[in-house]
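Owing to the predicted nature of the structure, the values given are computational and were not obtained by experimental measurement.
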Amino acid sequence: MLIALFPGDGIGPEIVAQAKRVLDALGIDGLTYEEGLVGGAAWKAVGHPLPPETLDIAKRADAILFGAVGDPDCDGLERHLRPEQAILGLRKELGLFSNLRPAKVFPELADASALKPEVASAIDLLIVRETNGDVYFGEKGFRTTAEGWREGYDIMSYNEAEVRRIAHGGFQAARARRGKLCSVDKANVLETSQLWRDVVIEVAKDYPDVALSHMYVDNAAMQLVRDPGQFDVILTGNLFGDILSDQASMCVGSIGMLASATLNAEGKGLYEPIHGSAPDIAGQGKANPLATVLSAAMMLRYSLGLGAEADRIEAAVARALAGGARSADLGGAMGTEEMGDAVLAAL
């Protein structure tokens with residue numbers, strides 16, 4: 001089993017290193033690694049955020065463990081050379097269209113949430129986000145209006161095959177959980193969302209055991225704060241999912257706690273924390289590695305078929321938190337390696 005390690009920029013190398021320590025401690029037979037450059041680190045080394053050598057590793061690997069990309073030094077580059085193009089390029093080249101972002105409050109962290117503890121403690125949801133379409137992949141550019149004004153444009157679009165594919169994934173996920181799916185769109189003003197809603201309703205006929213509801217994205221953002229416990233699975237598009245999943249992270253206590261998986265049709269996946277590269281604390285040993293550790297657990301479960309080992313990691317994280325392990329984002333003072341030590345001790 002080959003794991004591609006792509007640490008990336010900022011705190012990426014620090015948090016990926018801790019996740020690898022945890023994986024190594026499991027003693028899984030046949031687990032091997034190859035490391036590749038992505039993001040700003042790749043651009044600085046070879047002039048491109050996703051070099052051919054890195055893409056080759058990704059294609060050969062059984063799964064990818066990804067750190068983060070983003071470097072202020074690269075903000076002035078042409079868009080196709082910016083660090084973020086590494087993740088977009090991997091999604092496109094590998095057909096990674098289904099992003100799974102679970103959000104569940106560890107009991108010990110209920111007080112760390114921005115919400116009241118009794119509200120936060122009810123959070124146990126999964127956001128299923130389409131990641132191969134929408135405005136991120138639509139036609140984009142700059143033009144000049146008839147009046148001479150500069151104008152930027154990004155076209156939002158989905159075809160019904162793309163929506164149908166992700167909808168099946170959302171319904172299947174809901175069937176495996178509590179049997180409720182809320183499809184989030186903006187069908188009152190967007191034609192793209194109207195198609196989304198129509199196709200989701202069609203797909204729902206194949207899942208009579210799943211209760212389907214619909215919600216406009218602005219209301220969904222409000223409800224995630226007012227009553228997040230009402231949600232089981234949230235199905236939504238690329239742009240809305242990007243925003244709502246970050247909001248959900250603060251509802252559970254910290255963006256440093258949320259893992260994610262992005263899968264293709266064959267179950268191959270890219271696994272990463274949902275936070276960014278945090279250049280302001282890079283190299284200082286302050287970053288919380290738990291989202292990356294939990295992403296490694298998702299990797300074992302979804303791409304490698306090692307559910308028992310994934311359970312061990314998740315249980316170890318819970319025990320570490322119960323034992324008082326806290327990084328700065330969780331109100332504590334433990335550093336990146338100390339948090340890794342706490343998980344290893346609990347493992």
Side-chain angles (χ1 to χ4, degrees), residues 79 84 87-101 103 125-143 151-177 179-224 230-248 260-267 269-270 274:
R79 189 166 299 278
E84 294 75 16
I87 191 72
L88 296 177
L90 286 167
R91 288 174 184 169
K92 181 178 180 180
E93 290 290 336
L94 301 178
L96 304 170
F97 70 92
S98 179
N99 181 249
L100 309 179
R101 294 189 170 186
L125 62 89
L126 175 68
I127 296 177
V128 179
R129 167 192 170 197
E130 201 287 329
T131 51
N132 224 3
D134 212 334
V135 293
Y136 295 164
F137 289 91
E139 181 185 343
K140 57 182 78 265
F142 290 94
R143 58 196 173 200
E151 181 178 69
Y153 63 93
D154 299 270
I155 295 179
M156 172 185 282
S157 66
Y158 274 118
N159 65 51
E160 63 177 302
E162 292 171 323
V163 180
R164 196 175 304 278
R165 180 173 64 173
I166 193 66
H168 278 292
F171 279 103
Q172 290 164 10
R175 175 178 276 174
R177 288 173 51 92
K180 297 194 301 179
L181 184 142
C182 179
S183 178
V184 172
D185 58 40
K186 193 62 177 171
N188 55 336
V189 295
L190 298 175
E191 295 297 340
T192 304
S193 281
Q194 186 60 60
L195 174 70
W196 178 283
R197 182 172 293 207
D198 292 345
V199 174
V200 169
I201 290 171
E202 293 170 8
V203 173
K205 296 175 183 177
D206 294 335
Y207 302 89
D209 53 326
V210 176
L212 171 64
S213 61
H214 302 274
M215 195 174 287
Y216 296 141
V217 64
D218 43 353
N219 186 30
M222 180 185 70
Q223 294 295 333
L224 272 174
Q230 69 183 281
F231 295 109
D232 180 16
V233 173
I234 294 175
L235 172 71
T236 192
N238 208 347
L239 177 61
F240 299 155
D242 195 357
I243 296 167
L244 292 178
S245 59
D246 281 5
Q247 181 184 353
S260 76
T262 310
L263 308 175
N264 65 15
E266 290 75 42
L270 182 149
I274 76 164

### Message
As a quick check of understanding, evaluate side-chain contact (heavy atoms from CB on, under 4.5 Å) for V210 and L212, giving each step before the final call.
### Response
CA-CA 6 Å; V210 176; L212 171 64; 5.8 Å; no
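- Contact between L96 and G269 at its shortest, heavy atoms only, is CD2-CA, 4.3 Å.
- Formation of a donor-acceptor pair under 3.5 Å by the Q172 side chain with backbone atoms of G169 is not found in this model.
- Here the shortest heavy-atom pairing between D185 and A187 reads OD1-N, 3.1 Å.
- Within the model, atoms CG of D242 and CD1 of I274 stand 8.5 Å from one another, a figure rounded to the nearest 0.5 Å.
- Under the 3.5 Å distance criterion, the side-chain polar atoms of T236 are matched with a main-chain donor or acceptor of V184.
- Put simply, CZ on F240 and OG on S183 are 10.5 Å apart, with the number rounded to the nearest 0.5 Å.
- In this structure, T131 contributes its side chain and F97 its backbone to a donor-acceptor pair below 3.5 Å.
- Heavy-atom minimum distance, K180 versus Q230: NZ-O, 3.0 Å.
- Without hydrogens or angle criteria, N264 side chain to E266 main chain gives a donor-acceptor distance under 3.5 Å.
- Taken to the nearest 0.5 Å, the CG atom of L126 stands 8.0 Å off from the CG atom of D232.
- When side chains are defined from C-beta on, V135 does not count as touching N238, because their heavy atoms never get closer than 4.5 Å.
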### Message
Evaluate Y153 against R143 for side-chain contact (heavy atoms from CB on, under 4.5 Å), listing each step before the verdict.
### Response
CA-CA 8 Å; Y153 63 93; R143 58 196 173 200; 3.5 Å; yes
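- Side-chain contact between L270 and R91 is absent, with no heavy-atom pair separated by less than 4.5 Å.
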### Query
side-chain contact (heavy atoms from CB on, under 4.5 Å) between V128 and L100: does it pass, once the steps are laid out?
CA-CA 5 Å; V128 179; L100 309 179; 3.9 Å; yes
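- Contact annotation: the side chain of I201 approaches that of H214 to within less than 4.5 Å [non-hydrogen atoms, C-beta and beyond].
- Listed by chain and residue number, K140 satisfy the salt bridge (Lys or Arg N to Asp or Glu O under 4.0 Å) test with D154 (two or more places apart in sequence, or in another chain).
- Not a single donor-acceptor pair under 3.5 Å links the side chain of D134 to the backbone N or O of S157.
- Within the 4.5 Å cutoff, the side chain of E130 has heavy atoms near those of the W196 side chain.
- The CG atom of N219 sits 10.5 Å away from the CG atom of N188 when rounded to the nearest 0.5 Å.
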### Task
Start with the C-alpha gap between L244 and L224, add the side-chain angles, then the distance that decides, and say whether side-chain contact (heavy atoms from CB on, under 4.5 Å) holds.
CA-CA 8 Å; L244 292 178; L224 272 174; 4.0 Å; yes
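- For the pair S245 (side chain) and R101 (backbone), a donor-acceptor distance under 3.5 Å is absent.
- Aromatic ring orientation, Y207 versus F171: parallel (interplanar angle below 30°, classes split at 30° and 60°).
- Residue L90 holds its CG atom at 10.0 Å from OG1 of T262, rounded to the nearest 0.5 Å.
- Remark: side-chain polar atoms of R129 are not paired, donor with acceptor, to backbone N or O of G237 under 3.5 angstrom.
- Side-chain N or O atoms of E160 include none that pairs as donor or acceptor with a backbone N or O of V199 at under 3.5 Å.
- Across every non-hydrogen atom of L235 and I166, the tightest pair is CD1-O, 3.6 Å.
- Once rounded to the nearest 0.5 Å, the distance linking CG of D198 with CD of E202 reads 6.5 Å.
- Closest approach of A167 to V200, counting heavy atoms only: CB-CG2, 4.3 Å.
- Proximity of H168 to D206: side-chain heavy atoms (C-beta onward) are separated by under 4.5 Å at one or more points.
- No more than 12 heavy atoms of other residues, nucleotides or ligands sit less than 6.0 Å from atom CD of E191.
- In this structure, M215 and C182 approach most closely via the heavy-atom pair CB-SG, 3.7 Å.
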